[in-house]
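Heavy atoms only: backbone and side chains are in, while hydrogens, waters and symmetry mates are out. Reminder, nothing fancy here: chain letters follow the sequence lines and each chain counts from 1.
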Protein chains: 2
Amino acid sequence: MIPEEFKLDNQLCFRLYTASRLLSQAYHPLLCGDGLTYPQYLVLLVLWEKDAQPVNDIAKRLFLETNTITPLLQRMEKEGILKRTKGKEDARQTIVTLTRKGKNLQKKLAEVPQTVGSAVTCDSVNPETAPELFRMLDDIIARLSLPKEPEVR
Amino acid sequence: MIPEEFKLDNQLCFRLYTASRLLSQAYHPLLCGDGLTYPQYLVLLVLWEKDAQPVNDIAKRLFLETNTITPLLQRMEKEGILKRTKGKEDARQTIVTLTRKGKNLQKKLAEVPQTVGSAVTCDSVNPETAPELFRMLDDIIARLSLPKEPEVR
DNA sequence: TTTATTTATATCGTTCACGATGCAAATATA
DNA sequence: TATATTTGCATCGTGAACGATATAAATAAA
């Protein structure tokens, strides 16, 4: 017999990892028609909320590093969904701006949230219980995303 | 103003995706000393529970495809953590068996579950509330992992 | 103002995920 | 028993994640 805490069925992380993967998979058929991946869809959500943001702001909003989203943004630029231009005030920044095509995708994808929503709704997860689930996930995220203090020298 | 359902803060999937990534990251410092990744750790959890399983059983237990874990198992074999041998009854199967080293890792990693556990514990997520969170995640997983019916012909 | 440090982004290498495809062994059907 | 289908696994290509490193611009310190 192995210790309780090593059992897969007692692992929070495995559940999060699996639920996350399966839910991303549920987005796939809804996004791939427009040549989008789920992480690219997340970038669109960020830019629909506020256009013309530097790479760093998008990365921070998604809790990702710039080395993850830079290639992703480059692919989206190649698809004509957005533009990447050098910042005028700060020449180090790359400002990401939606193209007409990128903005129009919002209308084309109008059904996505609803469709995915009904795909996950079940006994224990529904409009009534969602706030509680959201709160727990937000707390986990907050707990784990605390900025690491810089090395002491 | 964009529609409510497009706001990042209303997305379940984004929360799952972020929480999953951050929690996997929390495992990294605990596993990398032994040359392990988080998905490899999951394979170990499966094999510690029951050794000598075919690739397909491991994949199913983790809700993954064999094309994902085959290379992963090959890397773990190269590290001497497990062996891959052809099945005797069914020659198509590859049976995965832990080596001494793979079995011993359980003792070396004894602190891992506890350490990660205390890293996520917070107001809303604790031993008392965990069962509720587990139930919701399990329901989502069950809802999304229903076998897709084969094409009608 | 030189020089040092920090910041914003990009590049690189490795490891997943995962759809698509290939292949051989096992099973079902004719 | 010959043929067709299914099953188990592997290979391939693409797109993330992410640690490590590089580079240029901005800022701070000397």
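Between the CG atom of A:Asn56 and the C1' atom of C:dT6 there is a distance of 13 Å, given to the nearest Å. Counting to the nearest Å, the P atom of D:dA17 and the CZ atom of B:Phe14 are 11 Å from each other. In this entry the distance linking CG of A:Asp90 with C1' of C:dA10 reads 15 Å, nearest Å. Rounded to an integer number of Å, the gap from CE of A:Met76 to C1' of D:dA16 is 13 Å. Rounded to whole Å, the distance from CD on B:Glu89 to P on D:dG8 is 13 Å. Atom-to-atom, CD1 of B:Ile69 to C1' of D:dG8 comes out at 11 Å; the value is rounded to the nearest Å. Taking atom CD on A:Glu77 and atom P on C:dT9, their separation rounds to 14 Å, with Å as the unit. Rounded to whole angstrom, the span from the CG atom of A:Leu36 across to the P atom of D:dT14 amounts to 18 Å.
Nearest-nucleotide positions on DNA chain C for B:Lys88 and A:Ile95 put A:Ile95 closer to the 5' end.
Checking the phosphate oxygens (OP1, OP2) of C:dT11, a side-chain nitrogen or oxygen of A:Gln74 falls inside 4.0 Å. In this model, the phosphate group of D:dA10 is approached by a side-chain N or O of B:Arg84 to a distance below 4.0 Å at OP1 or OP2. Residue B:Thr66 places no side-chain N or O under 4.0 Å from the OP1 or OP2 atom of D:dC9.
With a 6.0 Å radius and a threshold of 12 heavy atoms from other residues, nucleotides or ligands, B:Glu65 has its CD atom at or below the threshold. Atom NZ of A:Lys86 has more than 12 neighbouring heavy atoms from other residues, nucleotides or ligands inside a 6.0 Å radius.
Looking at the side chain of A:His28, the nearest of the listed nucleotides C:dA10, D:dA10, C:dG19 is C:dG19. The side chain of A:Gln93 lies closest to C:dA8 when the candidates are D:dA25, C:dA8, C:dA10.
A donor and an acceptor atom never sit less than 3.5 Å apart when one is taken from the side chain of A:Arg92 and the other from the base of C:dT9.
No donor-acceptor contact under 3.5 angstrom links the side chains of B:Asn56 and B:Gln93, judged on distance only.
The side-chain tip of B:Arg21 points at the ring of B:Tyr17 from less than 6.0 angstrom away and within 45° of straight on.
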Tabulate atom names and distances for all N/O pairs under 3.5 angstrom spanning the protein and nucleotides 14-18 of chain C.
from, atom 1, to, atom 2, distance (Å)
C:dC16, OP1, B:Thr37, OG1, 2.7
C:dC16, OP2, B:Gln40, NE2, 2.7
C:dC16, OP2, B:Arg75, NE, 2.9
C:dC16, OP2, B:Arg75, NH2, 3.2
C:dC16, O5', B:Arg75, NH2, 2.8
C:dA17, OP2, A:Tyr17, OH, 2.4
C:dC18, OP1, A:Gln25, NE2, 2.8
C:dC18, OP2, A:Arg21, NH1, 2.5
C:dC18, OP2, A:Gln25, NE2, 3.2

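Of all heavy-atom pairs between B:Leu109 and B:Leu30, the closest is CD2-O, 3.9 Å.
With sequence neighbours left out, A:Lys60 forms a side-chain hydrogen bond (donor to acceptor under 3.5 Å, both in side chains) with no residue at all.
Using cut-offs of 30° and 60° on the angle between ring planes, the pair B:Tyr41 and B:Trp48 is perpendicular.
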